[in-house]
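Excluded from the calculations below are hydrogen atoms, water molecules and symmetry mates; all remaining heavy atoms, backbone and side chain alike, are included.
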Amino acid sequence: MTNKGILNLPFVLTVGTVVTDYWARPAETGDWAQDNWTGRSYANALVAACNDGQLGMVLSHVASAITEKGQYGGIEVGFFNRLGEIASFASAGVSELRKAA
């Protein structure tokens, strides 16, 4: 399931080629806009790193990790907001999901 792109995501922790944490984000900065931007950049990186058909599976692992940690700040808001924008572009007829990222 894991490809090199996913192993290199800034919010994923690994041991060798095994993912040990799908949401190891940095601490909030206290600057909502900066934290939101970080989350948005994480969403763009996730979409770019996934092979065709892989996004749903990886996103489910990320969402599960976020839920388990129970931290919902600017980074998480920016992450899911950007994914929503990307999905909207896709449903509006953008030919490739990655073009929206």
Once rounded to the nearest 0.5 Å, what's the spacing between atom [atom1] of [X] and atom [atom2] of [Y]?
{"X": "Ile75", "Y": "Asn36", "atom1": "CD1", "atom2": "CG", "result": "9.5 Å"}
{"X": "Trp23", "Y": "Glu76", "atom1": "CH2", "atom2": "CD", "result": "5.5 Å"}
{"X": "Asn44", "Y": "Arg82", "atom1": "CG", "atom2": "CZ", "result": "4.5 Å"}
{"X": "Thr17", "Y": "Ile6", "atom1": "OG1", "atom2": "CD1", "result": "12.0 Å"}

Quick one: does [X]'s side chain have a donor or acceptor within less than 3.5 Å of a partner on [Y]'s backbone?
{"X": "Thr20", "Y": "Leu13", "answer": "yes"}
{"X": "Asp35", "Y": "Thr29", "answer": "yes"}
{"X": "Gln34", "Y": "Asp31", "answer": "no"}
{"X": "Ser88", "Y": "Gly84", "answer": "yes"}

Salt bridge (Lys or Arg N to Asp or Glu O under 4.0 Å) partners for Arg40, two or more places apart: Glu85

Sequence neighbours excluded, every pair satisfying salt bridge (charged side-chain N to carboxylate O under 4.0 Å, His left out) that has a member inside residues 55-75: Asp21-Lys69

Phe11 and Tyr42 aromatic ring geometry - parallel, tilted or perpendicular at 30°/60° bounds: tilted

Heavy-atom side-chain contact between Leu83 and Val47 under 4.5 Å: yes

Tyr22 vs Leu59 side-chain heavy atoms within contact, under 4.5 Å: no

Is there a continuous path of hydrophobic side-chain contacts, each under 4.5 Å between heavy atoms, that joins [X] to [Y]?
{"X": "Val62", "Y": "Trp37", "answer": "no"}
{"X": "Val58", "Y": "Phe80", "answer": "yes"}
{"X": "Leu46", "Y": "Leu7", "answer": "yes"}

